[in-house]
Amino acid sequence: MSGACLLSGTTAALIPAAGSGTRLGLGHKAFVTVGGVSLLARSVAALAPHVDEVLVALPDGLELPLGINARAIVGGQTRQDSVRRLLRATVADTVLVHDAARPFLSADIVLTLLEAVAETGAATVALPVADTLVGADAGEMWGAAVSREGLWAVQTPQGFRRERLLRAHAQAAADGHAATDDAGLIARQGGAVRLVRGDARLFKVTTPGDLALAQALAPVWDAQVGGGPV
């Protein structure tokens with residue numbers, strides 16, 4: 001857990017994996033394999049060396065396969081519900097929240113994120129937007145151009161002081177507010193969130209096209225990191 005020494009107290013990695021992954025159409029998405037290893041196993045293996053524990057939220061009735069170095073809890077109906085349950089299931093001082101479907105996570109990114117959390121209390125991996133952006137009308141026709149200056153695409157992991165994120169989740173629940181990620185809940189309260197430069201390979205496997213790309217990348221990635229997780 002070399003990265004944990006960057007922070008005072010303990011650190012936990014939280015992986016909300018209770019969603020069904022219907023767009024992929026291959027059963028529970030976290031257990032879909034890429035290069036012979038499940039998306040979940042890859043994400044856990046990337047995080048485990050840098051934290052004190054890894055917790056995974058799974059649908060009721062599912063269990064972690066043997067060999068995955070993590071503790072499972074029952075997740076909620078939404079990602080936000082699952083993260084809130086994960087936060088309550090650990091006493092760690094700092095948490096990293098990561099999507100299981102982002103399997104190509106490097107140690108350098110995890111360590112840089114931990115450094116940012118130690119300094120600011122909240123940080124997320126993200127990438128500056130490189131594509132041209134346009135709006136579209138109801139007929140999906142080209143609309144007004146949107147400047148990409150200063151725009152970043154948010155990735156995970158995201159890191160937080162646990163008590164700070166717990167308060168943000170409690171406020172969101174009280175307000176009936178839904179967010180697509182946890183850094184957004186901190187920002188909603190006026191909190192500062194540091195952006196840590198990510199990697200294009202840290203994409204989220206959501207569609208069959210994403211899965212095909214991940215299958216092509218896996219052999220190269222595993223060769224670079226020493227054979228990949230087991």
Side-chain angles (χ1 to χ4, degrees), residues 2-3 6 11-17 19 21 23-24 29-51 54-57 68 70 79 82-83 86 94-117 120 122-131 133 148 150-160 179-184 186-187 193-229:
S2 59
L6 297 169
T11 304
L14 312 180
I15 302 179
R23 281 177 288 181
L24 204 55
K29 182 166 66 173
F31 296 155
V32 171
T33 59
V34 170
V37 182
S38 73
L39 297 175
L40 178 59
R42 287 181 177 275
S43 291
V44 170
L47 289 161
H50 310 291
V51 299
V54 180
L55 283 75
V56 180
I68 294 183
R79 183 187 188 279
S82 290
V83 173
L86 287 164
T94 299
V95 293
L96 302 182
V97 184
H98 185 57
D99 298 325
R102 296 183 190 270
F104 303 119
L105 173 61
S106 71
D108 287 346
I109 287 178
V110 176
L111 293 174
T112 302
L113 180 66
L114 287 169
E115 290 176 354
V117 176
T120 65
T124 182
V125 179
L127 273 181
V129 172
D131 296 321
L133 300 175
R148 66 190 177 201
L151 294 181
W152 290 58
V154 176
Q155 300 178 315
T156 67
Q158 299 183 340
F160 312 92
T180 57
D181 74 291
D182 298 281
I186 297 293
V193 180
R194 172 76 58 83
L195 298 178
V196 172
R197 189 175 291 266
D199 191 312
R201 295 169 295 183
L202 193 51
F203 61 90
K204 188 175 183 180
V205 177
T206 303
T207 68
D210 299 329
L211 181 59
L213 181 59
Q215 296 285 16
L217 177 58
V220 178
W221 180 269
D222 290 345
Q224 291 176 342
V225 300

Considering only heavy atoms from C-beta outward, does the side chain of [X] approach that of [Y] to under 4.5 Å?
{"X": "T156", "Y": "K204", "result": "no"}
{"X": "V125", "Y": "H98", "result": "no"}
{"X": "L211", "Y": "K29", "result": "no"}
{"X": "R197", "Y": "L127", "result": "yes"}
{"X": "D182", "Y": "R79", "result": "yes"}
{"X": "V34", "Y": "F104", "result": "yes"}
{"X": "L96", "Y": "L114", "result": "yes"}
{"X": "L40", "Y": "F31", "result": "yes"}

Any idea which heavy atoms bring [X] and [Y] closest together, and the distance?
{"X": "A183", "Y": "F160", "result": "N-CZ, 3.5 Å"}
{"X": "V205", "Y": "A214", "result": "CG2-CB, 4.0 Å"}
{"X": "A123", "Y": "V196", "result": "CB-CG2, 4.3 Å"}
{"X": "V83", "Y": "P16", "result": "CG2-CG, 3.9 Å"}
{"X": "V110", "Y": "A46", "result": "CG2-O, 4.4 Å"}
{"X": "A153", "Y": "V129", "result": "N-CG2, 3.9 Å"}

Heavy-atom donor-acceptor pair, [X] side chain to [Y] backbone, under 3.5 Å:
{"X": "S43", "Y": "A100", "result": "yes"}
{"X": "D99", "Y": "A101", "result": "no"}
{"X": "Q155", "Y": "T124", "result": "no"}
{"X": "D222", "Y": "P219", "result": "no"}

Nearest 0.5 angstrom please: [X] [atom1] to [Y] [atom2], how far?
{"X": "R201", "Y": "L105", "atom1": "CZ", "atom2": "CG", "answer": "11.0 Å"}
{"X": "Q158", "Y": "D181", "atom1": "CD", "atom2": "CG", "answer": "4.5 Å"}
{"X": "H50", "Y": "L113", "atom1": "NE2", "atom2": "CG", "answer": "11.0 Å"}
{"X": "T120", "Y": "E115", "atom1": "OG1", "atom2": "CD", "answer": "11.5 Å"}
{"X": "L14", "Y": "L47", "atom1": "CG", "atom2": "CG", "answer": "9.5 Å"}

For a side chain to side chain contact (heavy atoms under 4.5 Å, CB included) check, start with the C-alpha distance between T180 and V154, then their side-chain angles and the critical distance, and finish with the verdict. CA-CA 10 Å; T180 57; V154 176; over 6 Å; no
